[in-house]
Amino acid sequence: MNNGIWLIESPVQMGEGEVIAYSVDWLGASKVETPDVIVYKNGQDVTSTVMVSGDSHVVSGNVVTLKKITAQNNDGGNQYVVVVECGVDNNIERRKFLVQVVGGSAET
């Protein structure tokens with residue numbers, strides 16, 4: 001894994017049906033703007049399915065809080081790759097993190 005683009009906290013876990021707003025900290029940045037996020041499952045863009053519509057990304061200093069992500073029912077055992085792109089100190093930067101979805105009946 002390329003540690004430059006993958007967040008240190010990756011992977012994270014969430015249970016089917018959970019709704020979580022993840023945050024990305026652009027350490028050392030003085031200006032973060034225009035966040036854009038794509039969520040992939042099995043290489044397919046599922047952003048419109050898993051991100052809460054009507055919600056919005058929020059920038060506060062160098063932290064971007066993403067729209068809430070909903071782990072879909074029956075997605076236990078699957079993974080979402082979340083790609084976050086922002087304007088950071090007049091550059092375009094991307095970071096990624098992996099969300100492992102755990103089914104309700106999973107033992108681990």
Side-chain angles (χ1 to χ4, degrees):
M1 223 183 280
N2 180 341
N3 290 334
I5 197 166
W6 290 91
L7 296 177
I8 293 170
E9 297 82 6
S10 182
V12 297
Q13 290 81 32
M14 64 188 301
E16 289 179 338
E18 275 193 300
V19 181
I20 299 176
Y22 291 100
S23 294
V24 177
D25 187 347
W26 301 84
L27 294 173
S30 59
K31 180 180 174 186
V32 177
E33 58 189 348
T34 61
D36 189 28
V37 179
I38 300 175
V39 182
Y40 295 98
K41 178 181 129 185
N42 299 324
Q44 300 296 314
D45 182 344
V46 294
T47 308
S48 62
T49 303
V50 301
M51 289 201 115
V52 175
S53 63
D55 206 359
S56 60
H57 308 299
V58 177
V59 178
S60 178
N62 62 350
V63 177
V64 177
T65 301
L66 308 180
K67 293 180 182 181
K68 293 178 194 85
I69 295 175
T70 302
Q72 300 297 294
N73 291 326
N74 301 316
D75 267 357
N78 285 291
Q79 300 178 336
Y80 302 148
V81 175
V82 181
V83 181
V84 183
E85 179 180 286
C86 290
V88 179
D89 293 339
N90 299 316
N91 296 309
I92 301 296
E93 296 189 18
R94 290 189 184 106
R95 296 294 180 268
K96 295 167 65 170
F97 64 96
L98 187 65
V99 177
Q100 297 171 330
V101 181
V102 179
S105 63
E107 293 181 20
T108 59

**OP:** For Val81 and Lys96, work out which heavy atoms get closest and say how close.
**Re:** CG1-CE, 3.7 Å
**OP:** Enter the distance from Ile5:CD1 to Arg95:CZ here, rounded to the nearest 0.5 Å.
**Re:** 7.0 Å
Original post:
Hey, does the side chain of Asp45 reach the backbone of Thr47 with a donor-acceptor pair shorter than 3.5 angstrom?
Top reply: yes
Subject >> Spatial distance of atom CD (Glu33) from atom CG (Asp89) [nearest 0.5 Å] >> reply: 9.0 Å
Original post:
Going only through I, L, V, M, F, W and Y residues with side-chain contacts under 4.5 Å, is there a path from Val63 to Leu66?
Top reply: no
Subject >> Heavy-atom closest pair, residues Val32 and Val59 >> reply: O-CG1, 3.2 Å
Original post:
With a 4.5 Å heavy-atom cut-off, do Ile69 and Ile20 have their side chains touching?
Top reply: no
Subject >> Shortest non-hydrogen separation from Ser23 to Thr65 and the atoms involved >> reply: OG-OG1, 3.0 Å
**OP:** Applying side-chain contact (heavy atoms from CB on, under 4.5 Å) between Lys31 and each of Asn90, Asn91, Val88, report the one that passes.
**Re:** Asn90
Original post:
At their closest point, which heavy atom of Asp75 faces which heavy atom of Lys41, and how far apart are they?
Top reply: OD1-NZ, 2.7 Å
Original post:
How long is the span from the CD atom in Gln100 to the CD atom in Gln13, to the nearest 0.5 Å?
Top reply: 4.5 Å
Original post:
Considering all heavy atoms of both residues, which atom of Glu16 and which atom of Asn74 are nearest to each other, and what is their separation?
Top reply: OE2-N, 3.1 Å
Original post:
Can Val12 and Tyr22 be said to form a side-chain contact (heavy atoms from CB on, under 4.5 Å), step by step?
Top reply: CA-CA 10 Å; Val12 297; Tyr22 291 100; 3.7 Å; yes
Original post:
Looking at side-chain heavy atoms only, is the closest gap between Val37 and Lys67 below 4.5 Å?
Top reply: no
Original post:
When rounded to the nearest 0.5 angstrom, what is the spacing between SG in Cys86 and CG in Asn62?
Top reply: 10.5 Å
Subject >> Taking every non-hydrogen atom, the tightest pair across Gln72 and Val50 >> reply: CG-CG1, 3.8 Å
Subject >> Sequence neighbours excluded, every pair satisfying ring pair (Phe, Tyr, Trp, His ring centres under 6.0 Å) that has a member inside residues 40-92 >> reply: none
